[in-house]
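Here's the structure we're looking at; comments come further down.
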Protein chains: 2
Amino acid sequence: MPYKERDITKQYFTIGEVAEQFGVATSLIRFWETEFDELAPRKSKKGNRLFTQADVDIFRTIYHLVKERGYTIAGAREMLKQKGGQLKDKIDVIQSLEKVRGFLVNLKKEIDAAQKGE
Amino acid sequence: MPYKERDITKQYFTIGEVAEQFGVATSLIRFWETEFDELAPRKSKKGNRLFTQADVDIFRTIYHLVKERGYTIAGAREMLKQKGGQLKDKIDVIQSLEKVRGFLVNLKKEIDAAQKGE
DNA sequence: ATGTCGCGCTCTTTGTAGGGCATAATGGGC
DNA sequence: GCCCATTATGCCCTACAAAGAGCGCGACAT
């Protein structure tokens, strides 16, 4: 098995590389690691962080929410837990609708009961 | 011209009423006023704030973004400026639903009152 | 009627906890 | 020598809350 292929599939980024890619300080990456459970790169035996592409993607999402969209850390955390932003928006609307529906169903019951009594 | 009609069209809310409606301190409303150009209620001769329903709606949007979604003030400000933004539409829908709900709650009250009278 | 005494609401200005990192200190591996 | 690690500490804003002061209104005595 050629080395090259293994290197390609097992491409890791150091914290310095990720930092440079986004133009941020390494301290920020470490800090976000403590704030977001989702951001948890493997660590080498020595303790160095090993970022996969998936890890970088997660970081990018957080970066987008916090630095570009203006979410607080807490807000971004919530967002991440709800499989993607679009879905969250829809869920909000759906939940509102479901509450209204529940109310209407209940109201109908009461109206029916009232008519019965007449 | 009857007084009633004038009162209905000129309905203003005080800062205290708005604060209570959302369960926030009046200081927060004043602070947001300094942060969001869009939130600019009229002021009485004395200097007291006069919130129209439109002002309250704007406040609700900000409240939704900052307190429920977890935006920073700056992030919420950006969001507000986006004309035709998807979010704006969604919030409109939610607000419509809330108004419908308010109407229904009121209707229920009247129905209950009517039943009591039977 | 009118003075005036709270009382509740408002106003503006000032103070401050903590959120969000950055920096410093110390040390290890290649 | 350079990049990495942890831990502690520093530090500047953000996002409010509290403080201090003023108005208007009902009550109650004058």
Side-chain angles (χ1 to χ4, degrees), chain A residues 3 7 10-52 55-56 58-80, chain B residues 7 10-52 55-56 58-81:
Chain A
Y3 258 34
D7 284 335
K10 285 212 167 194
Q11 182 74 277
Y12 288 124
F13 301 96
T14 67
I15 191 171
E17 287 166 348
V18 177
E20 201 197 10
Q21 182 175 341
F22 287 89
V24 300
T26 57
S27 60
L28 176 62
I29 299 177
R30 293 195 193 92
F31 172 65
W32 280 2
E33 225 181 285
T34 70
E35 297 292 319
F36 298 93
D37 294 345
E38 293 85 353
L39 188 61
R42 269 191 55 200
K43 291 195 182 179
S44 72
K45 206 162 191 179
K46 183 193 151 195
N48 284 17
R49 288 163 177 76
L50 304 169
F51 290 84
T52 64
D55 292 324
V56 175
I58 291 171
F59 184 85
R60 189 198 319 287
T61 301
I62 298 172
Y63 183 88
H64 178 248
L65 291 173
V66 174
K67 295 298 186 182
E68 295 173 354
R69 294 291 294 274
Y71 274 83
T72 62
I73 303 268
R77 199 151 42 210
E78 281 305 302
M79 213 56 178
L80 272 186
Chain B
D7 284 335
K10 284 213 168 194
Q11 183 73 276
Y12 286 123
F13 301 97
T14 66
I15 193 171
E17 288 167 346
V18 177
E20 201 197 10
Q21 182 175 341
F22 287 89
V24 302
T26 56
S27 59
L28 176 64
I29 299 176
R30 292 193 196 92
F31 172 65
W32 281 2
E33 225 182 286
T34 70
E35 296 292 319
F36 298 93
D37 294 344
E38 293 85 354
L39 187 62
R42 269 191 57 200
K43 291 197 182 179
S44 73
K45 211 162 188 177
K46 184 190 150 197
N48 285 17
R49 288 160 177 80
L50 303 170
F51 291 83
T52 64
D55 292 326
V56 175
I58 290 171
F59 184 85
R60 191 200 319 288
T61 302
I62 298 171
Y63 183 90
H64 176 68
L65 291 172
V66 174
K67 295 298 187 183
E68 295 173 354
R69 296 298 295 277
Y71 275 83
T72 61
I73 301 272
R77 197 154 41 209
E78 280 305 303
M79 218 51 180
L80 273 186
K81 299 230 160 119

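Every chain is numbered from 1 and lettered A, B, ... according to where its sequence line falls, protein lines coming before strand lines.
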Once rounded to the nearest 0.5 Å, what's the spacing between atom [atom1] of [X] and atom [atom2] of [Y]?
X     : Y     : atom1 : atom2 : value
A:F13 : A:L50 : CZ    : CG    : 12.0 Å
A:L39 : A:L80 : CG    : CG    : 9.5 Å
A:Q11 : A:F51 : CD    : CZ    : 14.0 Å
B:T72 : A:R69 : OG1   : CZ    : 11.5 Å
A:R60 : A:Q21 : CZ    : CD    : 6.0 Å
B:E33 : B:I62 : CD    : CD1   : 10.0 Å

### Message
Please identify the 5'-most and 3'-most nucleotides of DNA chain C with any atom under 4.0 angstrom from a heavy atom of chain B.
### Response
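Nucleotide range in contact with chain B: C:dT10 to C:dT12.
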### Task
Send over the distance from A:K45 NZ to D:dA5 P, rounded to a whole Å.
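It works out to 18 Å between those atoms.
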Residue pair [X] / [Y], side-chain heavy-atom distance below 4.5 Å:
X     : Y     : result
A:F36 : A:I73 : yes
A:T52 : A:Y12 : yes
A:N48 : A:K43 : no
B:R42 : B:R49 : no

Listing, residues 25-32 of chain A side-chain donor-acceptor contacts under 3.5 Å, not counting sequence neighbours, or none:
unit_1, atom_1, unit_2, atom_2, d
A:T26, OG1, A:R30, NH1, 3.4

### Task
Heavy atoms under 4.0 Å is the rule here; annotate nucleotides 6-19 of chain D 5' to 3' with B where the base is hit, S where only the sugar-phosphate is, and - elsewhere.
B--------BBB--
### Query
B:E20 side chain to B:E17 main-chain N or O, any donor-acceptor pair under 3.5 Å?
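Looks like no, no N/O pair under 3.5 Å.
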#### Entry: Partners passing ring pair (Phe, Tyr, Trp, His ring centres under 6.0 Å) against A:Y63 (at least two apart in sequence or in another chain)
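Only A:F22 meet the ring pair (Phe, Tyr, Trp, His ring centres under 6.0 Å) criterion with A:Y63.
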### Task
Please state whether the phosphate of D:dC3, meaning OP1 or OP2, lies under 4.0 angstrom from any side-chain nitrogen or oxygen of A:T14.
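No, A:T14 has no side-chain N/O under 4.0 Å of OP1/OP2 on D:dC3.
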### Net bend of the helix from C:dA1-D:dT30 to C:dC30-D:dG1, end axes of five pairs each, nearest 10 degrees
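That helix has its two terminal axes inclined by roughly 0°.
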Table of protein N/O atoms under 3.5 Å from nucleotides 23-25 of chain D N/O atoms:
none

